[in-house]
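Whatever order the structure lists them in is the order used to number ligands and atoms, beginning at 1. No hydrogens, no waters, no symmetry mates; every other heavy atom, side chains included, goes into these values. Because the structure is a prediction, the values reported are computed rather than measured. Numbers here simply count residues along the sequence, with the first being 1.
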Amino acid sequence: MERTLSIIKPDGVNRGLIGGVIKRLESSSLKILAMKMIWMTKPQAEGFYAVHKERPFFDSLTDFMTSGPVVVMVLEGENAIEKYRKLMGATDYKEAEEGTIRRDFATDIEKNVVHGSDSPESAAFEMGYFFNSFEIVG
Ligand code: CMP
């Protein structure tokens with residue numbers, strides 16, 4: 001069993017896609033262990049995306065991630081990290097496979113509806129960034 005962090009980004013929340021994303025999660029073998037809606041400050045978003053701080057898109061990304069509320073979730077399942085990344089599709093929705101969340105809903109490489117951890121190390125950091133152990137069920 002593995003755990004991963006999922007975020008429904010401000011574009012997904014604003015466009016009424018929370019239910020659509022959660023439906024796909026619940027139709028897969030991933031289980032939601034924690035969930036909340038938050039509105040990040042710029043420093044909180046910068047801390048979350050610190051690994052990208054040298055990238056040219058860092059400022060734009062952290063502006064976007066603080067432009068409205070997001071839904072953060074902890075998901076659990078066998079190979080949860082890989083499984084959720086498959087459900088999301090490639091970062092660039094134009095390269096994402098048919099039937100993936102990003103292919104179906106994203107409008108932009110930045111406004112790509114969802115985020116998912118990319119490794120066990122980042123999952124541990126990202127889950128701890130938003131949730132304490134009492135908020136994760138199971
Ligand atoms: P995410 O999975 O949240 O991880 C980093 C985010 O940076 C990515 O999704 C995109 O929303 C955003 N981003 C913006 N521009 C780029 C880019 N050129 N390459 C990769 N990610 C980008």
Practice task
Taking the side chain as every heavy atom from C-beta outward, state whether Met40 and Val70 have any pair of such atoms under 4.5 Å apart.
Solution key: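 Sidechains of Val70 and Met40: in contact.
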Does ligand 1 have any N/O atom under 3.5 Å from a protein N/O, and what are those pairs and their distances?
unit_1, atom_1, unit_2, atom_2, d
ligand 1, 2 (O), Arg102, NH2, 3.3
ligand 1, 2 (O), His115, ND1, 3.2
ligand 1, 3 (O), Lys9, NZ, 2.7
ligand 1, 3 (O), Tyr49, OH, 2.6
ligand 1, 3 (O), His115, ND1, 2.9
ligand 1, 9 (O), Lys9, NZ, 3.1
ligand 1, 9 (O), Asn112, ND2, 3.3
ligand 1, 11 (O), Lys9, NZ, 2.9
ligand 1, 11 (O), Ile109, O, 3.4
ligand 1, 11 (O), Glu110, O, 2.9
ligand 1, 11 (O), Asn112, OD1, 3.4

Exercise for the section: Output yes when a side-chain donor or acceptor of Glu2 lies under 3.5 Å from a complementary backbone atom of Ile81, and no otherwise. Expected result: yes
Practice task
Check side-chain hydrogen bond (donor to acceptor under 3.5 Å, both in side chains) between Arg103 and all other residues, then give those that pass, not counting sequence neighbours.
Solution key: Glu98
Problem - Row check, Phe130 ring normal vs Lys36 NZ/CZ: under 6.0 Å, within 45° - result: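 No - Lys36 does not lie over the ring of Phe130 by the 6.0 Å and 45° rule.
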Exercise for the section: Report yes or no: is the cationic atom of Lys9 (NZ for Lys, CZ for Arg) closer than 6.0 Å to the six-membered ring centre of Phe64, at no more than 45° off its axis? Expected result: no
Problem - Any donor-acceptor N or O pair under 3.5 Å, side chains Ser60, Glu110 - result: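 There is such a pair between these side chains.
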